[in-house]
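The shown structure was predicted, so the numbers you read here are calculated from the model rather than taken from an experiment.
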Amino acid sequence: MLDNEIRELAAIGETEEIEFKVGSVHPQALSRVVSAFANGIGGKILVGVDEKNGIVGCDRDKLRRVFEATQRQIKGSVDISLDFASVGAKEVGVISVGKSDDVVMSRDGIFIRRGATDIAMTSAEIRKRLSPEPAAATERLIDVVTEQTKRIEELQDDIQKGGSWQSKALDYIIGGSVGAIIGFGLTLALK
């Protein structure tokens with residue numbers, strides 16, 4: 001992207017196809033946005049752009065490491081790339097995410113973009129993406145995964161409020177369990 005394109009997007013704000021990230025970006029949060037864009041219409045994540053403060057820049061090396069960790073947390077076929085653009089004296093990371101025909105999962109669940117928000121996909125949306133007529137066992141698994149994704153979102157909100165080491169440990173345990181369930185379910189669904 002060119003300097004002027006990034007400035008224009010920063011002025012417009014976040015949309016269904018644009019997300020801004022600043023500061024210390026975490027792979028888990030980034031993978032959620034990637035999942036949402038891939039399951040939606042695709043989009044771009046501009047790292048180093050703040051909706052209120054405009055272009056603040058990012059650390060190129062740190063973002064590369066976060067990007068690589070994010071790719072490891074994504075399950076499913078997704079076209080994703082990282083580029084950088086100089087805007088004035090600041091670097092902006094541009095993560096491009098293509099629309100996927102497959103269901104793309106993050107470590108936290110399966111998401112889709114609605115406006116400027118990432119939300120958990122419903123069981124009907126997942127079912128539609130997997131197959132027009134999934135088997136009964138697969139349908140039940142989809143329902144369980146959808147409920148787990150919603151529960152994880154609630155727990156993560158509680159954990160962020162708590163911030164204790166016990167809360168953080170619970171988050172990792174739940175995230176790992178859901179990841180295993182989703183992986184097993186997709187293995188069954190794709191056979």
Side-chain angles (χ1 to χ4, degrees), residues 1 9 12-21 25-47 49 51 63 66-83 93-135 137-157 160 171 174-191:
M1 295 186 87
L9 292 174
I12 292 170
E14 293 182 331
T15 67
E16 191 166 9
E17 297 177 67
I18 300 295
E19 171 86 8
F20 300 152
K21 293 288 183 192
V25 182
H26 193 276
Q28 188 172 350
L30 203 53
S31 68
R32 183 177 171 148
V33 179
V34 169
S35 168
F37 278 149
N39 291 322
I41 59 174
K44 294 192 183 305
I45 304 164
L46 303 179
V47 181
V49 177
E51 201 152 26
L63 181 55
V66 169
F67 179 75
E68 290 168 3
T70 299
Q71 287 179 300
R72 290 189 296 273
Q73 291 188 11
I74 296 294
K75 303 294 182 221
S77 176
V78 61
D79 180 24
I80 180 172
S81 64
L82 170 64
D83 294 305
V94 180
I95 300 172
S96 299
V97 181
K99 179 186 183 320
S100 179
D101 293 331
D102 297 331
V103 173
V104 176
M105 299 174 290
S106 75
R107 185 174 130 188
D108 292 338
I110 304 170
F111 297 90
I112 192 160
R113 189 82 169 180
R114 297 275 190 255
T117 306
D118 306 324
I119 62 168
M121 287 180 73
T122 66
S123 58
E125 290 171 320
I126 296 169
R127 196 176 295 116
K128 183 178 178 183
R129 295 288 295 269
L130 287 177
S131 169
E133 298 179 32
T138 304
E139 284 189 50
R140 178 66 187 128
L141 183 60
I142 291 169
D143 291 338
V144 169
V145 169
T146 301
E147 289 304 313
Q148 287 289 0
T149 301
K150 289 177 186 173
R151 180 66 183 133
I152 287 171
E153 286 182 304
E154 294 168 2
L155 288 172
Q156 286 176 332
D157 289 341
Q160 288 177 351
D171 184 35
I174 291 170
S177 299
V178 171
I181 291 170
I182 291 170
F184 178 74
L186 282 178
T187 301
L188 289 177
L190 298 176
K191 284 187 177 184

Heavy-atom pair with the smallest gap, counting every atom of [X] and [Y]:
X	Y	answer
R114	I119	CG-CD1, 3.3 Å
T70	P27	OG1-CA, 3.3 Å
F37	I45	CE1-CG1, 3.6 Å
V104	A38	CG2-CB, 3.7 Å

Taking the side chain as every heavy atom from C-beta outward, state whether [X] and [Y] have any pair of such atoms under 4.5 Å apart.
X	Y	answer
I95	K21	no
V97	D79	no
V34	I80	yes
I12	I18	no

- Message: Going by side-chain contact (heavy atoms from CB on, under 4.5 Å), R32 matches just one of E153, H26, R107. Which one?
- Response: E153
- Item | Partner residues of R113 under the salt bridge (charged side-chain N to carboxylate O under 4.0 Å, His left out) criterion, sequence neighbours left out | E19, D118
Any donor-acceptor pair under 3.5 Å linking the side chain of [X] with the backbone of [Y]?
X	Y	value
N39	F111	yes
E51	E14	yes
S100	S77	yes

- Who are the side-chain hydrogen bond (donor to acceptor under 3.5 Å, both in side chains) partners of S31, not counting sequence neighbours? Q73
- Query: Residues in side-chain hydrogen bond (donor to acceptor under 3.5 Å, both in side chains) with T122, at least two apart?
  - Reply: E125
- Note on the structure: When rounded to the nearest 0.5 Å, the distance separating CZ of F20 from CG of L9 is 6.5 Å
